[in-house]
Amino acid sequence: MGIATVNPTTLETIQSFPALSNEAIQLKLAQAESAFQSYRRTSFADRSQWLLQAAELLSDPEQSQQYAALMTLEMGKPIQEALGEVKKCAWVCRYYAEQAPLFLASQTIETDAHQSWVCYQPLGIILAVMPWNFPFWQVFRFAAPALMAGNVGVLKHASNVPQCALAIEKILWAAGFPEHVFQTLLISAPQVEGVVRDDRVKAATLTGSEPAGASLAAIAGSQIKKTVLELGGSDPFIVLESADLEASVTMAVKARMLNTGQSCIAAKRFIVVDAIADQFLEKLIAAFQALTLGDPMDTQTDIGPLATTTILEDLEHQVQAAVAQGAQVLTGGQRWPDLPGNFYQPTILSDISKDNPVYSQECFGPVALFFQVADMEAAISLANDSPFGLGASAWTSDPQEQEHLIKHLEAGAVFINGMVKSDPRLPFGGIKRSGYGRELGLQGIHEFVNIKTVWVK
Ligand code: NAP
């Protein structure tokens with residue numbers, strides 16, 4: 001499949017786009033480089049004003065409805081969630097418009113110099129390779145800090161969301177950012193290598209799968225260019241005996257099913273202690289069965305189609321392989337035949353042994369893995385027995401248990417009595433095979449800057 005909008009609800013191809021030629025890529029990089037030479041001299045006040053204007057455009061009721069509908073059309077996200085995503089993009093723009101001048105202010109440090117300090121300067125063109133699952137949010141959470149820092153951005157978005165990619169370029173341009181400060185490159189994955197190798201491109205960030213991240217990082221490494229990688233996860237959701245059972249089940253459903261289960265930080269492994277396992281499971285099965293599948297444009301829909309037919313087929317094979325190795329299907333376990341699109345039933349698998357392939361894989365769709373354990377220590381061991389380390393959610397009302405979980409869970413984030421979520425104010429990223437580096441917060445804006453040391457006698 002090339003670069004195209006294919007409606008995952010109907011499987012209809014809406015519009016195809018040719019990939020840029022190598023000459024066209026060269027032209028866009030030259031324009032980006034030229035834009036950088038003047039953009040780097042703009043003030044924080046100007047950049048803030050443009051970013052605030054982008055937030056305004058994203059907050060306009062009519063416009064935001066259109067952006068949300070575009071996401072739902074291209075990748076099948078339930079429309080209510082798409083609207084929430086547009087709002088969150090406005091939030092991250094406002095956040096960095098306000099905070100970046102503070103985060104990037106020079107810091108005086110006492111040394112043997114007459115004066116010494118650290119200042120933060122832009123690097124140049126930053127390449128962002130982004131996934132389709134949060135087609136607006138992933139891009140704005142890169143663009144807002146990168147542009148505030150004085151960098152310019154080129155975006156290689158996923159091939160199934162080209163119209164979202166073009167819409168974002170348009171928003172930033174309409175907001176007042178100088179021309180070519182942020183450009184969408186409609187290119188295929190194999191064309192990324194040439195962009196990374198180009199001397200004008202100074203660094204790259206990729207959100208997506210492990211193979212894509214490893215490939216980009218290897219090429220960037222060979223060119224001594226920095227990368228940030230936000231990759232997959234198989235986040236644990238631990239429930240201990242003192243947890244608020246109702247609240248934990250409600251959030252378990254949300255944490256697994258948001259975006260039809262296609263989120264890196266979705267809870268994917270539910271680890272519950274013996275004392276409450278039966279009760280928790282009974283409620284979880286009932287809640288999964290009560291979810292409404294259907295047209296994602298309908299505001300009553302909880303679960304839409306998976307974004308592409310390949311994702312549906314991969315998930316289907318993953319579940320079949322798990323079952324062949326002894327996993328039990330407690331609910332769901334197959335496609336949903338009532339609509340032609342990429343629908344898969346909300347599914348719970350149990351009895352997953354350590355040698356079952358799904359034990360250490362990420363399920364990118366509405367499939368939950370259920371594990372029952374004796375106690376907190378067993379829960380932590382199981383949670384950490386994963387190649388991934390993105391986020392972890394743990395439920396207990398005991399402060400000592402909370403402290404222990406925070407200390408011993410191997411993850412980029414631990415959320416106690418809540419689901420893992422991204423927030424512009426908090427750094428976001430993983431450890432192990434979930435990637436490295438951080439987005440958002442103070443740490444996110446420091447990833448793509450020259451942290452310059454100044455010493456004056
Ligand atoms: P993917 O195939 O890796 O695609 C992500 C992006 O990388 C797309 O733009 C894709 O372009 C591009 N790409 C693919 N192969 C590439 C290569 N060899 N070199 C350079 N670019 C390449 O990822 P996906 O499977 O669609 O997305 C889901 C994955 O992303 C899951 O594992 C999920 O957990 C992860 N994710 C992580 C985060 C996080 O913040 N940690 C957030 C969201 C998603 P094409 O579309 O043209 O192939």
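Indexing begins at 1, ligand by ligand and atom by atom, following the structure's order.
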Peer 1: Which bit of F364 is near ligand 1, meaning a heavy atom under 4.0 Å away: side chain, backbone, both or neither?
Peer 2: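 Answer for F364: side chain.
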Peer 1: Please write down residue, atom name and distance for the protein heavy atom closest to atom 12 (C) of ligand 1.
Peer 2: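 I find the closest protein heavy atom is V129 CG1, 3.6 Å.
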Peer 1: Within the structure, is a non-hydrogen atom of F134 found at a distance of less than 4.0 Å from ligand 1?
Peer 2: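 In this structure, F134 fails to qualify as a contact of ligand 1 - no heavy atom is under 4.0 Å.
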Peer 1: What do we get for S215 next to ligand 1 when only non-hydrogen atoms under 4.0 Å count, side chain, backbone, both or neither?
Peer 2: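 For S215, only side-chain atoms sit under 4.0 Å from ligand 1.
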Peer 1: Taking the six-membered ring for Trp, are F280 and F237 parallel (under 30°), tilted (30 to 60°) or perpendicular (over 60°)?
Peer 2: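 Tilted: the ring planes of F280 and F237 meet at 30° to 60°.
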Peer 1: Contact between L216 and ligand 1, counting heavy atoms under 4.0 Å?
Peer 2: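 Flag not set, L216 not near ligand 1.
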Peer 1: What part of R433, side chain from CB on, backbone N/CA/C/O, both or neither, has a heavy atom under 4.0 Å from ligand 1?
Peer 2: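 No part of R433 is near ligand 1 at this cut-off.
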Peer 1: What protein heavy atom sits nearest atom 36 (N) of ligand 1, and how far away is it?
Peer 2: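 Ranking protein heavy atoms by distance from atom 36 (N) of ligand 1, first comes C264 CB, 3.5 Å.
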Peer 1: Tell me whether the NZ or CZ atom of R141 lies within the 45° cone about the ring axis of F428 and under 6.0 Å from its centre.
Peer 2: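 That pair qualifies as a cation-pi contact.
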Peer 1: Determine, for R200 against E33, whether the closest basic-nitrogen to carboxylate-oxygen distance falls under 4.0 angstrom.
Peer 2: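 No, R200 and E33 are not salt-bridged.
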Peer 1: S434 versus ligand 1: do any nitrogen or oxygen atoms come within less than 3.5 Å of each other?
Peer 2: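 The answer is no, given that S434 and ligand 1 share no N or O pair closer than 3.5 Å.
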Peer 1: If we set the cut-off at 4.0 Å for heavy atoms, which region of M130 has an atom near ligand 1: side chain, backbone, both, or neither?
Peer 2: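 Only the backbone of M130 comes within reach of ligand 1.
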Peer 1: Can you confirm, on distance only, whether ligand 1 has an N/O atom lying under 3.5 Å from any N/O atom belonging to E362?
Peer 2: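 N/O-N/O distance under 3.5 Å: yes.
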Peer 1: Could you check whether T260 and Y344, counting side-chain N and O atoms only, form a donor-acceptor pair closer than 3.5 Å?
Peer 2: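 On atom types as modelled, these side chains do not qualify, holding no pair under 3.5 Å.
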Peer 1: Can you tell me which portion of I3 lies within the under-4.0 Å heavy-atom range of ligand 1? Options are side chain, backbone, both, or neither.
Peer 2: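 Neither part.
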Peer 1: For ligand 1, which atoms sit closer than 4.0 Å to a heavy atom of W132?
Peer 2: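 Those qualifying, in numeric order: 24 (P), 26 (O), 27 (O).
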Peer 1: How does I311 reach ligand 1, by side chain, by backbone, by both or by neither, if only non-hydrogen atoms under 4.0 Å count?
Peer 2: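 Answer for I311: neither.
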Peer 1: Ligand 1 versus E193, non-hydrogen atoms closer than 4.0 Å: side chain, backbone, both, neither?
Peer 2: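 None of E193 does.
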Peer 1: Which protein non-hydrogen atom lies closest to atom 37 (C) of ligand 1, naming both residue and atom, and how far is it?
Peer 2: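 Nearest neighbour among protein heavy atoms for atom 37 (C) of ligand 1, to 0.1 Å: L231 O, 3.0 Å.
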Peer 1: Less than 3.5 Å between some nitrogen or oxygen of I187 and one of ligand 1, yes or no?
Peer 2: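 Not met; the criterion fails.
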Peer 1: Under 4.0 Å from atom 4 (O) of ligand 1, do we find at least one protein heavy atom?
Peer 2: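 False for atom 4 (O) of ligand 1.
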Peer 1: Test your reading of the structure: does R141 have an N or O sitting under 3.5 Å from an N or O of ligand 1?
Peer 2: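 Among all N and O atoms of R141, at least one is under 3.5 Å from an N or O of ligand 1.
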Peer 1: What protein heavy atom sits nearest atom 46 (O) of ligand 1, and how far away is it?
Peer 2: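 Here the nearest protein heavy atom works out to S159 N, 2.9 Å.
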Peer 1: Once the angle between the rings of F182 and F142 is folded into 0 to 90°, is it parallel (under 30°), tilted (30 to 60°) or perpendicular (over 60°)?
Peer 2: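 Tilted: the ring planes of F182 and F142 meet at 30° to 60°.
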